[in-house]
Amino acid sequence: MSKAIEDRIECPFYLGEGNRSVICEGILKGTKCIHRFPSKDIKDTYENSVCCSAGGSRCNHFKSVSSLYERGLRI
């Protein structure tokens, strides 16, 4: 069974989460990026306001990874 948050995630680069972390597709091909937050509440707020809205496009990491696809550097 999936987590409730994962049913609402809009970001295509989101891979999963930990208690105080969000795991995303990495900048380097075949890697993952782990964003660590000081608390679970801050992480939850970030996921709800950034990962779950506007396709994740408000995130700086999203902008970096999507740029690779736009420039044809990632397929």
Checklist line | From Tyr46 atom OH to Cys52 atom SG, the distance as rounded to the nearest 0.5 Å | finding: 11.0 Å
Next item on the list: Please round to the nearest 0.5 Å and tell me the distance separating atom OG1 of Thr45 and atom NZ of Lys40.
Entry: 9.5 Å
Next item on the list: Would you name the heavy atoms of Gly55 and Pro12 that are closest together and state the gap between them?
Entry: O-CD, 3.5 Å
Check: Any donor and acceptor pair, going by atom type alone, linking the side chain of Arg20 with main-chain N or O of Pro38 inside 3.5 Å?
Finding: yes
Checklist line | Heavy-atom side-chain contact between Ser66 and Phe13 under 4.5 Å | finding: yes
Item checked: Gap separating the NZ atom of Lys43 from the SG atom of Cys51, nearest 0.5 angstrom -> 9.5 Å
Note to self: Are Phe62 and Val22 connected into the same hydrophobic cluster when the rule is that any two of I, L, V, M, F, W, Y join if their side-chain heavy atoms are below 4.5 Å apart?
What the structure shows: no
Check: Under 3.5 Å, is there a donor-acceptor pair between the side chain of Arg8 and the main chain of Glu47?
Finding: no
Check: Tyr14 and Val50: same hydrophobic cluster, using ILVMFWY side-chain contacts below 4.5 Å?
Finding: yes
Item checked: Non-hydrogen side-chain atoms of Leu15 and Cys24 separated by less than 4.5 Å -> no
Check: If Ile, Leu, Val, Met, Phe, Trp and Tyr residues are connected whenever their side-chain heavy atoms lie under 4.5 Å apart, and connections chain through other members, are Ile23 and Leu68 in the same group?
Finding: no
Notebook entry, point to check: If two hydrophobic side chains count as joined below 4.5 Å and joins carry through other members, does Leu28 share a cluster with Ile34?
Noted result: no
Next item on the list: Looking only at non-hydrogen atoms, find the nearest pair between Phe37 and Ile42 and report the distance.
Entry: CD2-CG2, 3.9 Å
Check: Is Arg74 reaching over with its side chain to a backbone N or O of Ile27, donor-acceptor style, under 3.5 angstrom?
Finding: yes
Next item on the list: Please work out whether the ring planes of His35 and His61 are parallel, tilted or perpendicular, with thresholds of 30° and 60°.
Entry: perpendicular
Check: Looking only at heavy atoms, which two atoms of Ser49 and Ser53 are closest? And how far apart?
Finding: O-OG, 2.7 Å
Checklist line | NZ (Lys32) with more than 12 external heavy atoms under 6.0 Å | finding: no
Check: When rounded to the nearest 0.5 angstrom, what is the spacing between SG in Cys11 and CZ in Arg58?
Finding: 12.0 Å
